[in-house]
2 protein chains.
Amino acid sequence: MTDQLASTLITKLCVSNDLNERDLQALRRLPIQRREYGAREAIVSDRQRPHVCCLVTEGFAFRSKTTFEGQRQVLSLHLPGEIPDLQSLHLHVMDHDLTTLTPCVLGFIAHEAILALNKERPSVAAALWRETLIDAAIFREWLLNLGRRPADARMAHLLIELYYRLKALGRERNGEFELPLTQADLGDCLGLSTVHVNRVLQQLRGDGLIEVERTRFRLVNIPKIEKFSEFDPTYLHLDPKN
Amino acid sequence: MTDQLASTLITKLCVSNDLNERDLQALRRLPIQRREYGAREAIVSDRQRPHVCCLVTEGFAFRSKTTFEGQRQVLSLHLPGEIPDLQSLHLHVMDHDLTTLTPCVLGFIAHEAILALNKERPSVAAALWRETLIDAAIFREWLLNLGRRPADARMAHLLIELYYRLKALGRERNGEFELPLTQADLGDCLGLSTVHVNRVLQQLRGDGLIEVERTRFRLVNIPKIEKFSEFDPTYLHLDPKN
DNA sequence: CGTGGATTTGAGAGAAATCAAATCATGTGG
DNA sequence: CCACATGATTTGATTTCTCTCAAATCCACG
């Protein structure tokens with residue numbers, strides 16, 4: 001079933017990259033080792049020196065850093081088809097943690113295999129490089145979010161970003177999507193306390209912008225949310241031309 | 001004097017990468033167009049589609065994003081030898097601004113030239129990719145800084161990061177370095193108001209951690225600052241082994 | 001049912017922003 | 001070489017946002 005794993009990767013890569021049939025064939029030949037993880041299990045930890053990369057095939061994962069006092073900052077959320085620790089290909093020591101959010105099916109790919117593929121297919125190398133650059137572009141937008149937006153706009157911005165990213169993978173319907181984050185998790189993404197997250201969500205609900213029940217989010221009025229949170233999807237670089 | 005320009009780049013690349021003599025020769029052959037800029041001049045702007053990359057040879061530059069209400073968030077500071085818009089090689093549209101901080105000597109390198117070099121010298125390609133990954137690693141640390149550290153530790157963390165980066169380039173002496181940022185700029189880096197920056201600096205001075213006069217900063221007690229700001233230089237990936 | 005995690009509510013404290021004005025350079029033109 | 005304009009830093013007073021602490025409620029699941 002390696003092919004199953006590779007096809008998730010291919011789906012994701014083809015969202016933002018123009019790859020040809022030979023590239024895809026080479027990707028399908030990648031040796032990927034499948035493993036199942038439970039929710040909230042560590043995949044790789046700060047300081048480790050992995051020799052494999054992790055492809056998220058089913059489920060969600062996140063990267064985070066933690067303060068000495070145990071305050072956590074989520075750095076990024078990862079959806080099926082993404083390789084959250086692709087940076088380890090060239091950064092040999094981990095500077096953060098990678099953890100499953102939900103139960104996951106993960107595919108592990110040896111660095112050597114990816115490096116060999118990069119050599120064989122430069123356009124795949126370019127696509128992978130580009131994926132890490134999109135990763136960084138999202139970090140930049142999150143910096144603006146954390147540094148300069150008030151809590152309510154910050155929350156709205158996060159939700160609509162995930163809406164766009166899930167939509168690109170076909171995991172959204174009518175502004176509605178599954179997002180298995182607790183309010184504490186949202187706080188860790190946004191640099192807010194759990195209590196404040198709760199109040200902000202109530203406010204957004206009260207303003208008729210969103211509906212939430214458990215882990216199901218619905219963006220009721222997307223144009224209004226985009227305006228309110230100053231959202232512009234350019235930074236996601238979803239179009240290979242951008 | 002293209003060689004002058006290339007040598008700044010080589011100095012910087014060799015801080016974090018193992019390159020051999022043939023790599024360096026290829027780098028020296030890069031066609032680089034020199035141009036001088038004044039302070040606070042736009043180099044590339046949000047939405048543009050550059051076909052060159054910009055090498056900072058002398059002076060400082062910064063990347064930033066701006067809110068509709070004009071609130072600015074500085075995303076990164078760039079020192080001589082760095083290529084702040086290297087991401088434009090694979091992300092075709094700019095999602096932020098790149099501006100000079102001080103008067104600068106810049107070297108412009110055509111994308112085509114870099115792509116050709118990457119093809120000719122895969123180890124240079126790997127080094128450049130790695131540089132963009134270090135860039136992203138710094139974004140991640142800044143996310144933790146903005147999201148989870150109080151203003152005083154946030155400031156201390158920024159200063160000591162710059163201390164390490166300047167030191168790696170030989171631009172520091174006894175914890176003392178030139179940093180041409182106004183207090184308003186520091187606020188834009190840290191997501192703080194100018195007034196609060198001023199008060200935090202006074203506090204750090206009062207605690208005997210730093211000395212500042214105009215644009216000259218001195219870190220008086222580095223171990224204490226590192227402890228106070230929870231600084232650990234791993235994320236800078238200064239060592240090619242890390 | 002009972003238990004533990006998640007969400008919600010309330011009250012109060014604290015951090016940082018805002019607004020406004022004063023002071024301090026620094027550099028320019030007369 | 002001084003008067004003045006400009007930008008940067010500093011100070012004070014007040015407001016706003018967000019956090020902390022503590023407790024109550026809700027909900028899924030065994």
Side-chain angles (χ1 to χ4, degrees), chain A residues 38-41 60 67 69-74 101-103 144-159 178-207 210-217 228-229, chain B residues 38-41 67 69-74 101-103 145-159 178-207 210-217 228-229:
Chain A
R40 316 262 169 184
E41 273 190 55
F60 292 76
T67 270
E69 301 96 52
Q71 295 242 81
R72 185 168 64 175
Q73 177 65 46
V74 170
L101 189 60
T102 60
L144 178 62
N145 219 20
L146 287 181
R148 290 304 189 193
R149 279 197 263 260
D152 46 8
R154 216 186 283 183
M155 173 70 77
H157 195 283
L158 173 64
L159 292 178
E178 196 64 36
L179 189 64
L181 293 170
T182 66
Q183 294 184 358
D185 294 329
L186 285 169
D188 289 343
C189 291
L190 299 170
L192 298 172
S193 70
T194 310
V195 172
H196 202 54
V197 165
N198 183 276
R199 293 187 167 127
V200 166
L201 284 175
Q202 285 181 55
Q203 185 209 313
L204 294 179
R205 253 180 318 200
D207 294 347
I210 66 171
E211 287 168 11
V212 194
E213 51 177 278
R214 309 226 64 63
T215 62
R216 189 133 201 100
F217 288 76
F228 175 65
S229 65
Chain B
R40 316 262 168 182
E41 273 191 54
T67 271
E69 301 98 49
Q71 296 243 81
R72 187 168 63 176
Q73 177 64 46
V74 171
L101 189 59
T102 62
N145 219 18
L146 287 181
R148 289 305 189 193
R149 278 197 263 262
D152 47 7
R154 215 185 283 182
M155 173 69 77
H157 194 283
L158 173 63
L159 293 178
E178 196 64 36
L179 189 64
L181 293 171
T182 66
Q183 295 185 358
D185 294 329
L186 285 168
D188 288 343
C189 291
L190 299 170
L192 298 173
S193 69
T194 309
V195 172
H196 202 54
V197 165
N198 183 275
R199 292 186 168 127
V200 165
L201 284 175
Q202 286 180 55
Q203 185 209 313
L204 294 179
R205 252 180 318 199
D207 294 349
I210 66 170
E211 287 169 12
V212 194
E213 51 176 279
R214 309 224 64 63
T215 62
R216 190 132 200 101
F217 288 75
F228 175 65
S229 64

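Below, chain A is the first sequence line, B the second, and so on; all start at residue 1.
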What is the nucleic acid contact for [X], judged by heavy atoms within less than 4.0 Å: base, sugar-phosphate only, or nothing?
X: Leu201(A); value: nothing
X: Gly187(A); value: nothing
X: Arg148(A); value: nothing
X: Arg149(A); value: nothing

OP1 or OP2 of [N] less than 4.0 angstrom from a side-chain nitrogen or oxygen of [X], does that happen here?
X: Arg214(B); N: dT26(C); value: yes
X: Arg199(B); N: dT18(C); value: no
X: Gln183(B); N: dG7(D); value: no
X: Asn198(A); N: dT7(C); value: no

Rounding to an integer number of Å, can you tell me how far [X] [atom1] sits from [N] [atom2]?
X: Glu213(B); N: dA25(C); atom1: CD; atom2: P; value: 11 Å
X: His196(B); N: dT9(D); atom1: NE2; atom2: P; value: 16 Å
X: Leu146(B); N: dA16(C); atom1: CG; atom2: P; value: 12 Å
X: Leu192(B); N: dT10(D); atom1: CG; atom2: P; value: 15 Å
X: Leu186(B); N: dT10(D); atom1: CG; atom2: P; value: 11 Å
X: Met155(B); N: dA16(C); atom1: CE; atom2: C1'; value: 13 Å
X: Leu190(A); N: dT18(D); atom1: CG; atom2: C1'; value: 13 Å
X: Arg216(B); N: dT9(D); atom1: CZ; atom2: C1'; value: 20 Å

*Should Arg199(A) and Asp152(A) count as an ion pair when the cut-off is N to O under 4.0 Å?*
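A salt bridge is absent here (no side-chain N lies under 4.0 Å from a carboxylate O).
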
*Is there side-chain contact between Leu159(A) and Ile210(A), with at least one heavy-atom pair below 4.5 Å?*
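Yes. Closest side-chain heavy atoms under 4.5 Å.
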
From the list [options], which nucleotide is the closest neighbour of the side chain of [X]?
X: Val195(B); options: dG12(D), dG10(C), dA16(C); result: dG12(D)
X: Ser193(B); options: dT18(C), dT20(D), dA16(C); result: dT18(C)
X: Gln202(B); options: dT11(D), dA16(C), dT9(C); result: dT11(D)

*Counting distance only, does the side-chain N/O of Arg154(B) pair as donor-acceptor with the main-chain N or O of Arg149(B) below 3.5 Å?*
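Checking the backbone N and O of Arg149(B) against the side chain of Arg154(B), a donor-acceptor pair under 3.5 Å is found.
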
*Any donor-acceptor pair under 3.5 Å from Asp188(A) side chain to Asp185(A) backbone*: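 No, because the side chain of Asp188(A) does not come within donor-acceptor range (under 3.5 Å) of the backbone of Asp185(A).
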
_Restricting to non-hydrogen atoms, name the atom on Phe228(B) and the atom on Ala156(B) that form the minimum distance, rounded to 0.1 Å._
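The answer is CD2-CB, 3.9 Å.
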
_DNA chain C: 5'-proximal contact among Ala151(B) and Thr182(A) (nearest heavy atom)_ =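 Between the two, 5'-proximity favours Thr182(A).
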
